[in-house]
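A quick write-up on the structure given underneath.
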There are 2 protein chains.
Amino acid sequence: MASLRDVAERAQVAVSTVSAALNGTRPVAVATKRRIEQAAAELGYRPNLLARGLQSKRTRILALLFPAPRSGFGLTEMQFATGAAEAASELGYHLLLSPESADPIDEVRHLTGLGLVDGVLLMEVRLDDERTEFLSASGVPFSMIGRTREPGSIDYADIDFAATARDAVAHVAGLGHRKLAFFNLSTDLYADGYGPAIRAGEEFAAAARAAGIGYVDGFRPGSAKEGRAAFERLLDAHPDVTALAVMDDHAAVGVIAAVAARGWHIPEDLTLLLVLSSAAVAEMFHPRLTTLEPPSTELGRLGARMLIERLRGDGPPRQRLVPCNLVVGDSSAAPRSLS
Amino acid sequence: MASLRDVAERAQVAVSTVSAALNGTRPVAVATKRRIEQAAAELGYRPNLLARGLQSKRTRILALLFPAPRSGFGLTEMQFATGAAEAASELGYHLLLSPESADPIDEVRHLTGLGLVDGVLLMEVRLDDERTEFLSASGVPFSMIGRTREPGSIDYADIDFAATARDAVAHVAGLGHRKLAFFNLSTDLYADGYGPAIRAGEEFAAAARAAGIGYVDGFRPGSAKEGRAAFERLLDAHPDVTALAVMDDHAAVGVIAAVAARGWHIPEDLTLLLVLSSAAVAEMFHPRLTTLEPPSTELGRLGARMLIERLRGDGPPRQRLVPCNLVVGDSSAAPRSLS
DNA sequence: TACAGTTGTCGAAACGTTTCGCACACCGTA
DNA sequence: TACGGTGTGCGAAACGTTTCGACAACTGTA
């Protein structure tokens, strides 16, 4: 591998001049500069990132800290990672995939102490996330995909739950529905302070209120079985519900079974929305469900980009909310008559 | 951050002695060694990976080269990545997530030329994969998750399609079925030389032959619609088929719809197997489908481990095949009577 | 006492960058 | 002619490791 010295020799200049010319660090006469660039090209010179990092204290490597795959870990998380990696790559950065060990704090300390990464990208952020405190305290630049309860001045990219809920409610209300029910994620996740569960729950309620339509929540089925049971309880208590938004894929399966068991059909007798699930999953249902698809790739990209911007220089907190994409499927229709 | 010199000062020895003691590179008197270790611990010393890499030419970083997410990119690919990252982490390595640019060859050249990575992990390997030739030629250590048509002496970890097919056929035959049909992945993937499609196709045929049961293939539905049509054509031509193995998730949806349309039930009238799909997906079906779950995490782990072993020293090619895990669901039963 | 071998430690060089003080030549101005 | 300013380029130091030849202090043997 050609080094800076090789280029210097070939261009008949000092090593430091080559460095300056190639990085634009300080002015270099155009003739010299051209000569250097040509020499570099001829030798196929590539800067050694280790040497550069050692000297400049900046490696242009970001760590993506991801927790042990929960159940339901899948496409969305993959898209965070690929989106972040792509955006980083476009900006000349690299992304290190860092599985979270037993002790995430230690993990972070390790990574930064090693001098290997410039910054950290957090995913699967809890409402109360101990990692953020440690990162803030230790001065390591970081940004979050998702956000804590009070992000303060921390950079983040997250789903715009308010806009998403508004879109969903508007869609349903536009079809003529007067009462919407909402099935949140499983009780476990909810109790754990899982951001999307809490926020989506709040925002759907608010959006329904704002739109002036009826609203029922409090259900948190985490499996097909629970979904089925929840739906039956729902209709017992609120027979006038004509539209339902479900967060959990498996719960949706149960709902569909319950609908069929009742002799009903989707969408004629129930409008069903899948919230925060990918269109790829929605297509596995029959009929194809209307989905609020999370902008996962975009969030990954944003997370990486704002972290890199932060590394380049200070500035105000970068906080971005992106709404889900409403993909209308075959599970949306006007409400059944409530005779 | 404490450096080797700080430790040396505190322990009252030379820098080189500290290095030797900490790495076990050469013998150091026990007393000295203990003194050094204590000093290191007190200072919270962590070796600077950049400096180490610069000197030793080994960074302990692996690159996971992944292609642009195809459709159907999801849990499986995520598990390759997380598995590889975990295994690497356990062995003191790091995993760099490297999105494949327009020119994968250039991408690899870039990564290795930069001096950043010790080796490359390839996923989504095609039967004829140009990347392998380049990597072999350029002398960069690498291993594959999946494998080319003729892997030669290249290290790889892949699904054991033969064993998987045997298990599947044995399961079906054990239930009493006498004729099995197989729906491969979409025509596009098949034509593209996608390894799993080709190999699974071949091995299912071979396994059925070996087990002495009837076998039908040639179908490649890539969507629910195509799955439905394929199933109808299948039964027109082969009314005595009682069991079906499907590779594509969406095609399975179509098959289920077609079964229902016919007034049939699963598993009473048809035993349905989902091949190379995760149990999480299988659970979304109703009834829960019997699945041959790919050992994705394991393959990721193996890929990383064998690459690291290769880096540590030469040796014979490491080639591992791991069968899918048969998860029996509620879609398996004795054949319907063929009266 | 002299010498070879062993054991433990040291110091310096090297890896490939970036950074920074300095020197040289040239310009226009006083 | 002398002088400050400007535009270029150079050389050396530094980043934190690893590696390797040299060397001092012992040990045991002749």
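Proteins come first, then strands; the chains are lettered A, B, ... in the order of their sequence lines, and each starts at number 1. The figures here come from the full heavy-atom set of this structure, side chains too, leaving out hydrogens, waters and symmetry mates.
One atom, CZ of A:Arg5, and another, C1' of C:dT17, lie 13 Å apart when rounded to the nearest Å. Spacing between atom OH of B:Tyr45 and atom P of D:dG16 amounts to 10 Å, rounded to whole angstrom units. Distance CG (A:Leu49) to P (C:dC15): 18 Å, rounded to an integer number of Å. Between the NZ atom of A:Lys33 and the P atom of D:dG9 there is a distance of 12 Å, given to the nearest Å. Rounded to whole Å, atom P of C:dT19 lies 8 Å from atom CG of A:Asn23. In this structure, the CG atom of A:Leu114 is 12 Å from the C1' atom of D:dG16, given to the nearest Å. Between B:Leu43 atom CG and D:dG16 atom C1' the separation is 15 Å, expressed in whole Å. A straight line from CG of B:Leu50 to C1' of C:dT17 spans 11 Å, rounded to a whole angstrom.
Considering only side-chain atoms of B:Ala29, the nucleotide from C:dC10, C:dG16, C:dG8 that sits closest is C:dG8. In the set D:dC10, D:dT8, D:dT19, D:dT19 carries the atom at the smallest distance from any side-chain atom of B:Gln55. Checking C:dG16, D:dT18, C:dT9 against every side-chain atom of B:Ser19, the shortest atom distance belongs to D:dT18.
There is a side-chain donor-acceptor pair under 3.5 Å between B:Arg46 and A:His110. Of the N and O atoms on the side chains of A:Thr148 and A:Asp129, not one donor lies less than 3.5 Å from an acceptor on the other residue.
A residue-by-residue look at B:Ser16 and A:Leu4 shows that B:Ser16 has its nearest nucleotide of DNA chain C further toward the 5' end. Heavy-atom distances to DNA chain C give each of B:Pro27 and A:Leu54 a nearest nucleotide, and the one nearer the 5′ end belongs to B:Pro27. Heavy-atom distances to DNA chain D give each of A:Ala14 and B:Arg26 a nearest nucleotide, and the one nearer the 5′ end belongs to A:Ala14.
The shortest distance between the side-chain N/O atoms of A:Asn48 and the OP1/OP2 oxygens of C:dC15 is not below 4.0 Å. Between D:dC15 and B:Ser3, no contact under 4.0 Å exists linking OP1 or OP2 to a side-chain N or O. Using a 4.0 Å cut-off, no side-chain N or O of A:Thr17 falls inside it from OP1 or OP2 of D:dG9. In terms of phosphate contacts, A:Lys57 brings no side-chain nitrogen or oxygen within less than 4.0 Å of OP1 or OP2 of C:dT17. Considering only side-chain N and O atoms, A:Ser56 lies nowhere under 4.0 angstrom from the phosphate OP1 or OP2 of D:dC15.
With A:Thr59 contributing its side chain and A:Leu116 its backbone, the two residues share a donor-acceptor pair below 3.5 Å. Not a single donor-acceptor pair under 3.5 Å links the side chain of B:Glu124 to the backbone N or O of B:Leu65.
Looking at heavy-atom distances under 4.0 Å, B:Pro47 makes contact with sugar-phosphate atoms alone, never a base. Backbone-only engagement by A:Arg46 is indicated by non-hydrogen atom pairs under 4.0 Å involving sugar-phosphate atoms exclusively.
Here B:Arg131 pairs with B:Glu100 in a salt bridge; the nearest charged N to carboxylate O distance falls below 4.0 Å. Between A:Arg149 and A:Asp128 a salt bridge is recorded (basic side-chain N to carboxylate O distance below 4.0 Å).
Terminal axes of the helix from C:dT1-D:dA30 to C:dA30-D:dT1 (five pairs each, C1' rotation axis) are separated by 70°, to the nearest 10°.
For the atom pair CZ (A:Phe66) and CE (A:Met78), the distance works out to 10.5 Å, reported to the nearest 0.5 Å.
Around the CZ atom of A:Arg320, the shell of radius 6.0 Å holds no more than 12 heavy atoms that belong to other residues, nucleotides or ligands.
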